[in-house]
Amino acid sequence: MIENLNDRQLEAATNLDGPMLVLAGAGSGKTRVLTTKVAYLLDQKDISPKNILAITFTNKAAKEMKERIFNLIGREAFLIQISTFHSFGLKLLKENYELLGYESNFTILDADDSLTVIKKIMKEQGIDSNKYNYRAIRSSISDNKNEMVSVSEYEKFVYTDYDKVVYEVYKEYENSLKRSNAIDFDDLLLLPIKLFSEHKEVLEKYQEQYKYVFIDEYQDTNKPQYLMSKMISAKYKNITVVGDNDQAIFTWRGADYKNILNFEKDYPDAKVVILDENYRSTKTILKAANNVIKNNKIRKEKNLWTNNEEGPLIKYYKAFDEKDESGFVVKEIKKLIDDGINPNEICVLYRANAQSRNVEEAFLQSNISYRIVGSYAFYNRKEIKDLIAYLKLVHNEKDDVSLLRVINYPKRGIGSKSIENLAIESKNNNCSMYEAISGGKEEFKKIIELLKKEKDKMSLTDFVDLVLDKTGIKESLKNEHTLEADIRLENLEEFKSITKNVEEADGIVSLEDFLDELSLVSDASENQKEDEDKVTLMTMHAVKGLEFDYVFVVGVEEGLFPHLNSMNSEEELEEERRLCYVAITRARKKLYIINSRSRLLYGKVSSNVPSRFIAEIGDDLLEQEKKESIFTKKINREEMITNNDLKPGDLVKHEKYGNGVVLNIEGKIATISFTKNGVKKLLKDHKAIKKVQMEV
DNA sequence: ACTGTTCGATTTTTT
DNA sequence: ATCGAACAGT
């Protein structure tokens with residue numbers, strides 16, 4: 001198994017004991033090293049697979065690691081604890097909930113659920129939502145939790161009015177979750193640490209169990225994750241961490257890449273291995289990545305190199321608008337598929353989830369089958385969330401968030417006034433809203449009680465059917481007779497096919513296990529069959545750790561990538577650049593970069609200039625695609641372009657004066673030099689002036 | 001007290 | 001597109 005490893009990889013994979021830091025550049029075979037090391041460990045040492053803990057960053061990565069270890073050692077691989085920090089945290093909570101004061105059927109709130117709780121609290125406290133944005137308050141609370149600042153500790157840091165609001169909401173938020181027997185995503189990391197700190201004997205048990213610990217993507221660990229790694233490996237100190245500070249893209253979520261830089265301080269006797277030979281990409285792709293990342297100032301110099309062939313130039317296409325952009329992507333992907341390329345080897349990357357729609361529509365029209373990985377997908381649809389809320393409520397009746405979502409859906413004549421009263425009642429009795437139900441709302445309670453009785457008598461899929469039936473969801477959608485309602489019904493059917501898939505794969509599935517999986521996975525693609533040949537669509541964040549032969553990056557424009565919201569500081573900009581580095585290094589054979597002069601996004605048309613990252617890649621690595629698509633033949637391109645944002649250097653065409661170039665803009669006046677008519681000062685927004693694209 | 005309609009604001013990235 | 005607030009109607 002250790003054949004074919006290079007010297008450094010071999011060194012990393014065979015030094016089994018003690019702390020080790022593996023600085024692994026993109027595509028340098030770090031997953032290979034990790035999986036080999038695990039297999040070698042089991043071969044050499046007298047330990048059980050159950051003594052190994054391996055933490056990855058995404059569920060997808062965990063799944064892949066399991067498969068690769070399975071290929072090396074067979075079925076024993078499934079006994080190894082391989083999971084994300086969050087699912088490992090959940091496992092710890094499932095095993096120790098009493099010690100932390102929870103009941104066994106606790107609910108996990110996702111980010112949307114947390115927001116609902118926060119909205120409710122802010123309304124109750126009479127906080128003006130125009131002055132204090134719900135989302136801002138939520139992220140402040142989450143930031144505190146990720147920095148491990150508790151409510152009582154935060155009280156000491158309250159200075160401004162804003163702090164005061166955050167404090168009050170934070171306090172009530174924590175109380176409210178406790179009343180609902182609920183935890184949020186941050187708690188999945190925080191509660192295990194609380195458990196370990198307060199119950200040394202429990203910590204010791206886990207230290208004894210997980211004698212060997214592996215942490216992937218260590219540069220993206222936040223404080224609780226860092227602590228969890230440290231605590232659990234403190235006894236034997238057999239901890240191997242792998243990462244690359246050039247790929248730190250989650251600092252906005254509290255991740256601190258200094259964790260990886262400080263590893264040698266934490267463990268002075270740590271062995272350090274640097275993997276800098278890239279086996280994945282062509283020389284061209286790697287050069288592009290290096291050209292981009294070297295612009296970062298806060299960075300440890302590093303030189304990733306490859307012996308792979310030069311490979312084709314990066315294809316660069318400047319589109320007119322988002323339709324032209326997706327048209328180009330479709331055209332190129334069709335070419336690849338016609339050449340016999342498997343669609344599984346193609347992926348399309350974007351900065352924001354909202355961009356997926358544009359590509360999706362083009363794929364639908366041209367019958368390219370695709371899968372979308374990401375949070376705007378299936379589970380975020382209203383009808384699916386409604387159904388899940390019922391399931392969650394059946395599982396944990398104290399789940400106020402779910403109750404609020406469905407108590408009046410479908411309409412049962414329970415309006416805001418009744419709900420308000422219910423909330424007051426529950427507050428007064430310090431109980432959940434469900435427990436406070438009385439009078440006219442009993443009908444709702446009866447439905448839930450009935451479902452509770454039935455849930456263990458049938459398969460999960462049948463139970464979902466029963467829920468749709470008894471709650472009246474199905475009926476109310478059927479009665480709508482609109483296209484929208486039909487789509488919602490179809491999605492609910494799709495949900496049943498997911499539960500069916502899960503049941504077929506895992507045998508009988510309990511509601512609890514299914515809900516756990518839902519809240520951690522939050523992505524339908526994980527539960528879909530993966531054996532079909534499909535092009536993958538996802539964000540650049542989600543693609544971390546994966547690789548494809550052909551990678552398309554769309555929307556490479558200033559404002560979108562780097563994102564406008566990330567242009568406030570040099571640090572944020574450097575993180576965008578690392579994201580660009582991650583995106584580029586996903587490609588094995590060929591990279592495509594596409595941007596658009598104008599695009600419709602979030603219901604608005606915006607016009608953007610090409611991203612600075614394209615200039616950083618450098619012209620000599622780019623091959624610009626000429627506009628020869630059907631699109632140009634149909635539409636007079638000059639009509640496509642508005643003159644609303646003339647800048648010095650732009651080429652223009654004037655109805656009377658002909659072609660010219662903009663020399664200067666002062667307020668509304670543009671100074672333009674015309675080829676045949678000399679320099680003129682004109683109103684820049686005059687309709688006689690049209691901006692002309694610069695290339696052929 | 002609940003329902004329906006309209007208008008306006010709002011959307012980075014994830015476990 | 002979706003959600004919430006505000007208002008009018010039942």
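Residue numbers start from 1 in every chain, and the chains themselves are labelled A, B, ... in the order their sequence lines are given, proteins ahead of strands. Note that these values count all heavy atoms, side chains included, but never hydrogens, waters or copies made by symmetry.
Contacts of A/F85 with the nucleic acid, taken as non-hydrogen atoms under 4.0 Å apart, are absent. Residue A/R135 is in sugar-phosphate contact alone, with no base atom involved, counting any heavy-atom pair closer than 4.0 Å across all strands shown. Heavy atoms of A/K385 sit nowhere under 4.0 angstrom from any nucleic acid atom. Across all strands shown, A/T58 has heavy atoms under 4.0 Å from sugar-phosphate atoms exclusively, and none from any base. At a threshold of 4.0 angstrom between heavy atoms, the contacts of A/Y350 with the nucleic acid are absent. The residue A/N408 sits close only to the backbone: its heavy atoms come under 4.0 Å of sugar-phosphate atoms, none of a base.
The side chain of A/N353 approaches B/dT13 more closely than any other nucleotide in the set B/dT12, B/dT13, B/dT15. In the set C/dC3, B/dT15, B/dT3, the nucleotide with an atom closest to the side chain of A/K382 is C/dC3. Counting only heavy atoms from C-beta on, A/K123 has its side chain closest to C/dA5 among B/dT13, B/dT12, C/dA5. Side chain of A/T539, nearest nucleotide from B/dT3, B/dT13, B/dT12: B/dT13.
In this structure, A/W252 packs face-to-face on the six-membered ring of B/dT13, meeting both the 5.5 Å centre cutoff and the 30° plane limit.
For A/T58, the side chain to side chain contact (heavy atoms under 4.5 Å, CB included) partners two or more places apart in sequence, or in a different chain, are A/K60, A/A61. Applying the ring-ring contact (aromatic ring centres under 6.0 Å, His included) test to A/Y350 and every residue at least two apart in sequence or in another chain returns nothing.
With rounding to whole Å, A/E572 atom CD is found 11 Å from B/dT12 atom C1'.
In this model, no side-chain donor or acceptor of A/H563 finds a partner on the base of B/dT12 within 3.5 Å.
Between A/I437 and A/K445, the shortest heavy-atom distance links the atoms O-NZ, 3.8 Å.
Aromatic ring centres of A/F444 and A/Y409 lie farther apart than the 6.0 Å criterion allows.
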